[in-house]
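As a basis for the values below, the full set of heavy atoms in this structure was taken, side chains included, without hydrogen atoms, waters or symmetry mates.
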Amino acid sequence: MRELICCGRPRVSGLPYSLVLAGLPLMLLAVPHLGRSADLPSAGKDKGQRPLMKGALTPPAPSPKTGTADVLTVTAERQPRPVSQVGSAVTVITQPEITATQRRTLVDVLNYVPGLSVMRSGGNGGTASVFVRGLNANEVKARLDGMEINDAGTPSGQFDPGQFMSAGLGRVEVLRGPQSGLYGADALGGVIDMTTKEGQATRPQAWIRAEGGTYATTDQGATLSGQQNRFHYMVALRHSHVGGFDDVPRPWRARAPQAPAGHRRVADNRNDNRTASMRFDYDLTQALSAQFTAHLIDAHYAYVHDQVEPRTGLDGPSDRHDRSDQAQAVLHGRLQLESFDRRLVQKVEGGIVLIDRRDLPAGSRSARMFNRSLRAKADWQALARLDAGTTLLLGVDHLSERLLRPDRREGRSGGASIVTEAGYGQLTARWNPWLSLAANLRFDASTRYGNHLTWRVAPVVSVPGTGLAFKASGGTGFRGPSLEELSVRTLYVVPNPHLHAERLVGFDCGFEQRLWGGHLVMSADYYANHVRDLIQYAPLPGGGWMGSYFNVSRAETHGAEAVVQAVFSPKLNLQGSYTWTVARDTTTHQPLLRRPHHKFAATLIWQPCAGLTVAPALLYVSSWHDIGRYDPQAVRTAPYLTASLALSYQLTPRLQLFMRGDNLTNRNYVSPAGYRQPGRAFYGGVRLGL
């Protein structure tokens with residue numbers, strides 16, 4: 001282990017908190033020009049649609065040359081752009097796709113995204129990790145309606161999508177590659193950006209849904225959405241219960257306690273999740289709009305308690321339950337102003353994220369864990385259109401993260417906080433039909449781990465008349481130490497306030513080929529990332545059971561992604577992807593854990609007749625290196641292939657019947673090692689309009 005070089009506590013320099021409000025004078029300056037937006041096209045207003053810049057997720061009109069609409073991304077450049085015109089690798093999943101495939105959780109949605117490896121312990125509700133391009137799970141940033149939702153209260157600060165439902169989501173964008181140049185800390189591997197669905201129907205639409213199935217599953221939901229003049233609203237409620245699932249693989253059941261009848265007693269896993277998602281938009285004028293979103297989660301997860309078997313002294317499952325309770329609130333508000341004939345779009349945003357986790361092991365009060373974190377954010381952003389092909393983006397952020405009420409009974413000490421202030425800029429230019437470029441630069445100043453300057457460039461070179469485009473991107477990223485790593489002392493861990501941020505340099509390059517008027521799109525890219533100053537836990541010299549965190553490692557990842565999207569007709573489309581990943585620790589020359597080398601995913605959405613939708617899907621994941629659940633030694637898991645099928649039939653305009661089959665081949669597999677995943681399962685239900 002390399003000896004840690006300690007240094008003094010860094011000071012924040014250069015970005016006072018008042019810069020967050022720097023946009024207010026510009027907004028006031030633009031107020032006299034509000035009336036100039038009156039001459040903007042009003043097409044679509046009668047249908048409840050909003051202008052493109054105001055409703056940034058409105059898709060572009062079909063191209064007269066191709067007859068198809070290019071998919072729009074907002075995350076790649078923090079402004080609406082067609083995916084074909086951005087150099088970054090991005091995947092966009094829309095709400096109709098989520099509905100057709102009946103993917104009820106965010107884990108199910110992300111499983112089919114290229115470049116991602118998702119693992120969840122214990123089925124629905126279990127802790128989940130997302131590895132992007134082979135990088136660590138805490139090196140990807142998750143956002144919901146503009147708010148960062150990584151859990152600042154966990155030791156690594158990673159985003160856990162295990163209790164995140166897809167109800168109320170309008171779209172999910174996954175941006176791959178280092179993105180700290182636009183999004184700051186934790187965006188080394190990429191960004192998972194989620195947007196709550198906006199209400200646009202001119203008449204109120206109310207739906208209720210009831211579903212049931214295998215593993216004592218019950219799932220109910222209700223949605224109310226619509227538009228009343230300038231007011232847009234959407235409220236989605238969801239209650240999901242899953243019980244009776246045993247995640248212990250058969251070889252390890254022999255270590256469970258034996259009942260008098262002779263069989264082994266193993267506790268099952270149960271999950272109860274209540275989610276409320278809402279969004280309210282109000283168009284104060286044609287140029288000024290306000291938005292408020294809220295996402296609330298109340299979840300209770302009970303899972304098998306692992307203990308030492310008295311006869312053998314080996315770890316094994318038991319007939320008792322551990323419990324994990326989670327409450328999460330994400331509140332966000334936005335004020336957006338368009339002025340000078342939409343040549344200047346400004347946003348002032350703010351919000352809070354409160355996460356409360358309680359881990360309660362069976363029969364052990366000393367091992368209880370209480371993690372409560374609060375994140376508050378305020379920012380200003382301005383997008384200026386300099387000419388037909390050039391835009392300038394400027395913004396400032398203020399972010400405060402804090403641990404609340406650590407539990408001293410378990411050895412924790414003191415609260416902890418980090419304040420980060422940042423400024424960023426981006427220039428996008430399209431000089432001619434064959435060349436465009438996006439370049440950004442960001443400066444972050446933190447009270448705990450110093451200042452960081454990051455950048456990213458993403459050019460696109462198109463070959464006129466061929467539908468062929470060459471894309472590339474390269475940049476830097478960093479992950480700051482978490483609050484726990486810096487400040488929280490527990491029974492076995494000593495914090496290290498002198499940790500440095502993890503740093504990364506990465507690039508990707510590839511091509512996109514559009515054929516048959518855009519009905520067939522093929523793309524492929526190669527990527528490579530180099531990380532240094534990785535933070536890892538290690539025992540203290542002479543410290544017995546005590547350990548701490550150190551910047552002791554380096555890692556590199558490289559691989560390739562290939563994607564095919566085919567629209568055979570408006571009622572038949574296919575999406576398929578292949579991912580190859582190599583990830584290794586260059587300090588120990590060992591492969592990184594839980595990174596499969598190969599992954600293949602395919603989804604077909606077919607409407608063979610009016611009202612009927614058929615959506616089969618395949619997912620193949622190769623083997624990976626891992627650590628055993630009950631025997632802490634290196635293991636190599638077995639690959640697996642699963643198949644699913646979702647069917648829905650619109651019986652009447654207000655009545656829909658649906659059913660879904662998961663893991664139809666009844667593949668017995670683990671993900672991660674030691675945690676068995678659900679076998680063949682069937683679900684069905686009804687959706688009724690009121």
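- Nearest approach of Val191 to Val140, heavy atoms of both residues: N-CG2, 4.3 Å.
- Looking at Lys471, its side chain does come within 3.5 Å of a backbone N or O of Val86 through a donor-acceptor pair.
- Nearest heavy-atom pair, Tyr215 versus Ala681, reported as atom, atom and distance to 0.1 Å: CE1-CB, 4.0 Å.
- Taking the six-membered ring for Trp and the full ring otherwise, the centers of Tyr282 and Phe280 sit at least 6.0 Å from each other.
- Closest approach of Lys599 and Leu116 over heavy atoms only: NZ-O, 2.7 Å.
- Within a 6.0 Å sphere centred on CH2 of Trp606, other residues, nucleotides and ligands contribute 12 heavy atoms or fewer.
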Residue pair Val132, Leu188: steps toward the side chain to side chain contact (heavy atoms under 4.5 Å, CB included) verdict:
CA-CA 9 Å; Val132 180; Leu188 287 79; over 6 Å; no
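- The closest side-chain heavy-atom distance from Val564 to Leu520 is below 4.5 Å.
- Checking each of Gln158, Gln179, Lys141 against Asp186 for a side-chain contact (heavy atoms from CB on, under 4.5 Å) leaves exactly one that passes, namely Lys141.
- Panel note: side chain Glu173, backbone Val74; a donor-acceptor pair is recorded below 3.5 Å.
- When atom types are taken as modelled, the side chain of His232 and the backbone of Gln227 share no donor-acceptor pair closer than 3.5 angstrom.
- You'll find the side chain of Tyr649 stays beyond 4.5 Å of the side chain of Leu647, heavy atoms only.
- Judged by distance alone, the side chain of Ser473 and the main-chain N or O of Ala458 form no donor-acceptor pair under 3.5 Å.
- Here the OG-CD1 distance, from Ser373 to Ile355, works out to 4.5 Å after rounding to the nearest 0.5 Å.
- Residue Gln228 places its CD atom among 12 or fewer non-hydrogen atoms of other residues, nucleotides or ligands, all under 6.0 Å distant.
- Remark: aromatic rings of Phe600 and Tyr620 are distant, center separation not under 6.0 Å.
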Walk me through it: do Arg171 and Glu97 pass the test salt bridge (charged side-chain N to carboxylate O under 4.0 Å, His left out)?
CA-CA 9 Å; Arg171 66 195 277 124; Glu97 295 176 49; over 6 Å; no
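- Judged purely by atom type and a 3.5 angstrom limit, Ser88 has no side-chain atom pairing as donor or acceptor with the backbone of Val90.
- One finds the CD atom of Glu512 at 8.0 Å from the CD atom of Gln565 (value rounded to the nearest 0.5 Å).
- Between Thr223 and Ala236, the shortest heavy-atom distance links the atoms OG1-CB, 4.1 Å.
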Apply the test salt bridge (charged side-chain N to carboxylate O under 4.0 Å, His left out) to residues Glu148 and Arg375: give CA-CA distance (whole Å), side-chain angles for both, the deciding distance (0.1 Å), then the verdict.
CA-CA 8 Å; Glu148 289 82 358; Arg375 175 181 287 113; 5.5 Å; no
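- The two atoms that bring Ala128 and Gly162 nearest to each other are CB-N, 3.8 Å, heavy atoms only.
- Contact annotation: the side chain of Asp662 never approaches that of Thr642 to less than 4.5 Å [non-hydrogen atoms, C-beta and beyond].
- A heavy-atom distance below 4.5 Å is found between the side chains of Val614 and Pro616.
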Report the C-alpha separation of Lys377 and Asp379 in whole Å, then their side-chain angles, then the decisive distance to 0.1 Å, and conclude whether the salt bridge (charged side-chain N to carboxylate O under 4.0 Å, His left out) test is met.
CA-CA 7 Å; Lys377 177 184 177 182; Asp379 62 80; 3.7 Å; yes
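- Side-chain N or O atoms of Ser622 include none that pairs as donor or acceptor with a backbone N or O of Pro596 at under 3.5 Å.
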Apply side chain to side chain donor-acceptor pair (under 3.5 Å) to the pair Asp108 and Thr105, showing each step before the final yes or no.
CA-CA 5 Å; Asp108 295 333; Thr105 68; 3.0 Å; yes
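- Side-chain N or O atoms of Arg660 include none that pairs as donor or acceptor with a backbone N or O of Phe682 at under 3.5 Å.
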Could you go through the side chain to side chain contact (heavy atoms under 4.5 Å, CB included) check for Glu349 and His332 one step at a time?
CA-CA 7 Å; Glu349 303 179 73; His332 180 259; 2.9 Å; yes
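- When atom types are taken as modelled, the side chain of Arg104 and the backbone of Met165 share no donor-acceptor pair closer than 3.5 angstrom.
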Could you please spell out the steps behind the salt bridge (charged side-chain N to carboxylate O under 4.0 Å, His left out) verdict for Glu561 and Arg176?
CA-CA 11 Å; Glu561 301 159 345; Arg176 301 183 293 279; 3.2 Å; yes
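- Using bins of under 30°, 30° to 60° and over 60° for the plane-to-plane angle, the ring pair Tyr578/His598 lands in the parallel bin.
- Inter-residue side-chain proximity for Gln677 and Asn668 is flagged as unmet; no heavy-atom pair is nearer than 4.5 Å.
- The side-chain hydrogen bond (donor to acceptor under 3.5 Å, both in side chains) test with Arg238 singles out one residue from Asn273, Thr275, Asp219, and that residue is Asp219.
- Counted within 6.0 Å of CZ on Arg676, heavy atoms from surrounding residues, nucleotides or ligands total more than 12; the atom is thus considered enclosed.
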The test is side chain to side chain donor-acceptor pair (under 3.5 Å); show your working for Gln650 and Gln656 and say whether it passes.
CA-CA 4 Å; Gln650 198 72 37; Gln656 183 187 67; 3.2 Å; yes
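- A cation-pi arrangement, defined by a distance under 6.0 Å to the six-membered ring centre and an angle within 45 degrees of its axis, is absent between Arg279 and Phe231.
- Contacts classified as side chain to side chain donor-acceptor pair (under 3.5 Å) and involving residues 111-123 (residues at least two apart or in different chains) are given here: Arg120-Asn124.
- Looking at Glu139, its side chain does come within 3.5 Å of a backbone N or O of Asn136 through a donor-acceptor pair.
- In plain terms, the two heavy atoms of Thr603 and Arg103 that are nearest each other are OG1-NH2, 3.0 Å.
- In this model, a donor atom of one side chain and an acceptor atom of the other lie less than 3.5 Å apart for Asp145 and Thr196.
- A side-chain hydrogen bond (donor to acceptor under 3.5 Å, both in side chains) with Tyr301 is found for exactly one of Asn271, Thr127, Asp325, Asn269, namely Asn269.
- Every pair tested for side chain to side chain donor-acceptor pair (under 3.5 Å) that includes a residue from residues 679-690 fails, sequence neighbours excluded, so the list is empty.
- In this structure, the separation between CG on Leu182 and CG on Leu393 is 7.0 Å, given to the nearest 0.5 Å.
- Salt-bridge formation is not detected for the pair Arg334/Asp281: no Lys NZ or Arg NE/NH1/NH2 atom is positioned less than 4.0 Å from an Asp or Glu carboxylate oxygen.
- At least one side-chain heavy atom of Thr428 sits under 4.5 Å from a side-chain heavy atom of Gln79.
- At distances below 3.5 Å, not a single donor-acceptor pair connects side-chain atoms of Gln328 with backbone N or O atoms of Val330.
- In summary, the side chains of Asp272 and His300 do not present any donor paired with an acceptor at a separation below 3.5 Å, with no hydrogens or angles considered.
- Between Phe245 and Pro678, some side-chain heavy-atom pair lies under the 4.5 Å cut-off.
- Residues Ile605 and Lys571 fail the side-chain proximity criterion, which asks for heavy atoms closer than 4.5 Å.
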Residue pair Leu331, Met147: steps toward the side chain to side chain contact (heavy atoms under 4.5 Å, CB included) verdict
CA-CA 8 Å; Leu331 308 177; Met147 280 299 300; over 6 Å; no
